[in-house]
Amino acid sequence: MTRGVKLALLGASLFALGACAASDRQADLDSIAANVEQTQEGDFGEFLTNLNEAGDKARRAQEIHDELADVPPYLHVSQTLLDEGTQSAEQAAEHRRRAEDALNRILDPLRARVAYLESLHVPQTVGAMSKSIYFDTGSAALGDDDQAALDEVAGFMSQYPIATVVITGYADTQGSLEANRALAQRRAHAVAQALRGLGGPLAGSVAIVAMGEPEGAADSEASSENRRVEVLVAPHGTYNKGP
């Protein structure tokens with residue numbers, strides 16, 4: 001066999017092996033892409049993807065925070081790094097919100113079923129409980145005077161753990177509309193956190209609403225009645241006053 005023929009056969013063999021390897025590689029790539037796509041499908045895929053993204057972004061934001069926190073205050077820090085940290089933290093919070101939304105979509109049918117079963121054992125004469133928690137001007141801090149009302153709400157929630165809970169925050173009209181809405185939200189979250197600390201089962205159907213300034217309230221009015229959070233606990237899922 002001549003040298004030229006041997007080289008031709010060797011080249012043909014290498015070409016065949018290369019084609020085979022390329023074909024196998026493409027099949028593997030297609031398999032990877034298909035499995036990744038399947039992992040990200042549906043509400044559970046969205047929950048899983050955003051949960052991982054939230055963790056990654058939060059870790060990066062924390063790394064940047066720790067790095068910049070070690071820099072003495074009289075020295076300049078990298079604005080680029082600071083911007084990256086701020087953006088990563090905001091993205092982490094957004095991905096967490098999306099993960100929570102996806103998880104709630106998964107859990108909602110189960111909650112509805114459990115709520116229905118629970119409602120069969122709740123007398124129709126049991127109406128909703130509504131309590132108001134009041135705050136000082138510009139504050140979202142709970143006071144000692146609020147403890148009795150919070151204990152009462154938490155106890156009622158423990159009797160009817162599948163109840164619908166609506167926590168609505170308000171603010172008076174001092175300050176800007178945007179600032180008052182943010183303040184109302186902080187107040188509502190403070191009450192929700194306090195109820196969790198008292199063992200209130202807030203894992204069911206819970207809505208936290210930041211109303212801010214009440215509709216029709218006069219401008220720049222310091223109203224103690226409007227500096228409040230209303231908690232509505234409805235054992236039947238809707239406001240039921242009984243017969």
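- Two residues are said to be in side-chain contact when any heavy atoms from C-beta on lie closer than 4.5 Å; Thr80 and Glu84 fail this criterion.
- Across all their heavy atoms, Ser88 and Arg60 have their closest contact at OG-CG, 3.9 Å.
- You'll find the side chain of Glu230 stays beyond 4.5 Å of the side chain of Val191, heavy atoms only.
- For the atom pair CD (Gln185) and CD1 (Ile167), the distance works out to 12.0 Å, reported to the nearest 0.5 Å.
- Between the CD atom of Glu90 and the OG1 atom of Thr86 there is a distance of 6.5 Å, given to the nearest 0.5 Å.
- Residues Ala188 and Gly169 approach most closely at CB-N, 4.0 Å, considering heavy atoms.
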*Given Gln79 and Asp83, is the side chain to side chain donor-acceptor pair (under 3.5 Å) satisfied, shown in steps?*
CA-CA 6 Å; Gln79 187 61 46; Asp83 290 344; 2.9 Å; yes

*Evaluate side chain to side chain contact (heavy atoms under 4.5 Å, CB included) for Glu53 paired with Arg98, printing each intermediate quantity in order.*
CA-CA 10 Å; Glu53 287 287 343; Arg98 293 180 183 179; over 6 Å; no

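- Of all heavy-atom pairs spanning Ala89 and Ala61, the tightest one is N-CB, 3.7 Å.
- Taking CZ of Arg227 as the start and CG of Leu183 as the end, the distance is 10.0 Å to the nearest 0.5 Å.
- Using a 4.5 Å cut-off between side-chain heavy atoms of Ile, Leu, Val, Met, Phe, Trp and Tyr, with links allowed through other members, Tyr134 and Leu195 fall into different hydrophobic clusters.
- Val71 and His76 get closest at one heavy-atom pair: CG1-O, 4.3 Å.
- When each of His95, Gln87, Gln91, Gln62 is checked for a side-chain hydrogen bond (donor to acceptor under 3.5 Å, both in side chains) with Lys57, only Gln91 meets the rule.
- Annotation for Ala190 and Ala140: closest pair CB-O, 3.5 Å, computed over non-hydrogen atoms.
- Taking a 6.0 Å sphere around CG of Asp145, one finds it holds 12 or fewer heavy atoms contributed by other residues, nucleotides or ligands.
- With respect to the salt-bridge test (charged N to carboxylate O, under 4.0 angstrom), the residues Glu94 and Arg97 qualify.
- Looking at Thr49 and Glu46, their side chains never come closer than 4.5 Å, going by heavy atoms from C-beta outward.
- With a 4.5 Å cut-off on side-chain heavy atoms, Leu150 and Leu142 count as touching.
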Validation: residues 30-37 side-chain donor-acceptor distances under 3.5 Å, sequence neighbours left out:
residue	atom	partner	partner atom	Å
Asp30	OD1	Gln26	NE2	2.8
Asn35	ND2	Ser31	O	3.1

*Under the side chain to side chain contact (heavy atoms under 4.5 Å, CB included) rule, what do Glu100 and Leu103 come out as? Steps first, then yes or no, please.*
CA-CA 5 Å; Glu100 288 178 340; Leu103 181 59; 5.6 Å; no

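- Checked for salt-bridge contact, Arg181 and Glu178 miss the test: no charged N lies under 4.0 Å from a carboxylate O.
- The side-chain heavy atoms of Phe135 and Val229, taken from C-beta on, include a pair separated by under 4.5 Å.
- For the pair Arg228 and Tyr170, the distance from NZ or CZ to the six-membered ring centre is under 6.0 Å and the angle to the ring normal is within 45 degrees.
- Rounded to the nearest 0.5 Å, atoms OG1 (Thr39) and CG (Leu48) are 7.5 Å apart.
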*asked:* Under the criterion side chain to side chain contact (heavy atoms under 4.5 Å, CB included), I'd like the reasoning laid out for Arg59 against Asp56: C-alpha separation, chi angles, the key distance, then a yes or no.
replied: CA-CA 5 Å; Arg59 280 188 291 272; Asp56 291 342; 2.6 Å; yes

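- Here the CG atom belonging to Asp101 is positioned 11.0 Å from the CZ atom belonging to Arg96, to the nearest 0.5 angstrom.
- Each of Asp151, Val231, Val233 was checked for a side chain to side chain contact (heavy atoms under 4.5 Å, CB included) with Phe156, and the lone residue meeting it is Val233.
- Annotation for Asp70: atom CG counts as buried by contact number, over 12 foreign heavy atoms lying within 6.0 Å.
- Heavy-atom minimum distance, Gly199 versus Ser158: O-OG, 4.1 Å.
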